[in-house]
Amino acid sequence: MKKKLTLSALFVLSLLPMLLPQYGGCRGVQELPGIINLRNPIGLVSILLFVCGVWLPLCSKATGKLLGFLGCIGIVISEGYTFFTWHIPTVTGALSLKTSLRLAFPEFYIGLAVSVAMVIAYGILENLPERH
């Protein structure tokens, strides 16, 4: 139970940087919070996978671990997807790494680093032996 609570607390903490503005043409203009990473289908499915993997009693522990891990990885994928695509319908009309790099705020990189750290933490914590 302690491991589940720790993983869940870390997961929620890893999502907090998404409350900050992460994308935009400039501060105050077309500023978009990172929460859009969680409102796309990848983000929503990732949260669902994490919750199911950590909290639902599944057929095997291995299945639960895999689902939780996929949930953590999915958040990173969601951030990458949003990073490359958010500006297409609103600003540029085209996929451009240069534009993505230019229009991402430093908070995006902080959020991405925290999400990657969560993936690593999940891998470490899930592979620790159980204490009884």
Side-chain angles (χ1 to χ4, degrees):
M1 181 60 119
K2 185 178 179 182
K3 186 186 284 189
K4 289 180 180 186
L5 290 172
T6 301
L7 287 170
S8 297
L10 289 174
F11 188 73
V12 169
L13 286 173
S14 76
L15 300 178
L16 289 179
M18 292 183 193
L19 298 176
L20 301 170
Q22 293 189 353
Y23 311 98
C26 62
R27 296 279 178 195
V29 179
Q30 293 178 340
E31 210 172 276
L32 296 172
I35 202 76
I36 64 173
N37 296 321
L38 300 178
R39 289 191 299 188
N40 71 44
I42 300 168
L44 295 172
V45 168
S46 298
I47 292 170
L48 184 63
L49 286 173
F50 179 84
V51 170
C52 289
V54 171
W55 288 101
L56 295 182
L58 299 169
C59 302
S60 70
K61 283 188 176 186
T63 302
K65 286 181 179 183
L66 178 62
L67 290 177
F69 188 72
L70 289 174
C72 292
I73 291 285
I75 295 299
V76 175
I77 292 169
S78 175
E79 289 175 313
Y81 171 79
T82 303
F83 172 75
F84 285 113
T85 62
W86 75 269
H87 58 83
I88 294 171
T90 58
V91 181
T92 63
L95 184 66
S96 167
L97 177 60
K98 183 178 177 181
T99 301
S100 295
L101 289 169
R102 185 172 50 86
L103 297 179
F105 295 154
E107 291 88 343
F108 165 77
Y109 301 105
I110 292 167
L112 182 62
V114 170
S115 295
V116 169
M118 176 60 206
V119 171
I120 294 166
Y122 184 89
I124 291 169
L125 289 173
E126 270 298 343
N127 289 309
L128 289 177
E130 293 282 335
R131 289 186 189 176
H132 297 285

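Computed from a prediction, not measured in an experiment: that's the story for all the values here. The analysis underlying the following values was restricted to heavy atoms, covering all of them including side chains, and did not include hydrogens, waters or symmetry mates.
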Check your understanding: If you round to the nearest 0.5 Å, how far is CD of Q22 from OG1 of T82?
Key -> 9.0 Å

**Study point:** Euclidean distance, I42 CD1 relative to L49 CG, rounded to 0.5 Å
**Key:** 12.0 Å

Contacts of [X] that satisfy side chain to side chain donor-acceptor pair (under 3.5 Å) - sequence neighbours left out:
X    : value
S78  : N40
S100 : H87
T99  : S96

Qualifying residues under side-chain contact (heavy atoms from CB on, under 4.5 Å), relative to [X], sequence neighbours excluded:
X    : answer
L20  : E107
L56  : C52, L58
S115 : M18, I75, V76, E79
L125 : T6, L7, L10, L128

Practice item. Can you tell me which residue pairs pass the ring pair (Phe, Tyr, Trp, His ring centres under 6.0 Å) test with a partner in residues 92-123, sequence neighbours excluded? Key: Y23-F108, F83-F108

Point to revise | Pairs meeting criterion ring pair (Phe, Tyr, Trp, His ring centres under 6.0 Å) with involvement of residues 37-65, two or more places apart | key: F11-F50

Pair up each side-chain donor or acceptor in residues 63-70 with any protein partner under 3.5 Å, not counting sequence neighbours, and list the distances.
{"unit_1": "T63", "atom_1": "OG1", "unit_2": "S60", "atom_2": "OG", "d": "2.9"}
{"unit_1": "K65", "atom_1": "NZ", "unit_2": "E126", "atom_2": "O", "d": "3.1"}

Hydrophobic cluster identity match, [X] and [Y], side-chain contacts under 4.5 Å:
X    : Y    : value
I47  : L19  : yes
W86  : L95  : yes
L15  : L5   : yes
V119 : L13  : yes
V12  : L112 : no

Exercise for review: Each residue besides I110 in its hydrophobic cluster should be listed here, by chain and number; the cluster joins Ile, Leu, Val, Met, Phe, Trp and Tyr at side-chain heavy-atom distances under 4.5 Å.
Suggested key: V114

Exercise for review: Indicate the atoms forming the closest heavy-atom contact of M118 with C72, along with that distance.
Suggested key: CE-SG, 3.8 Å

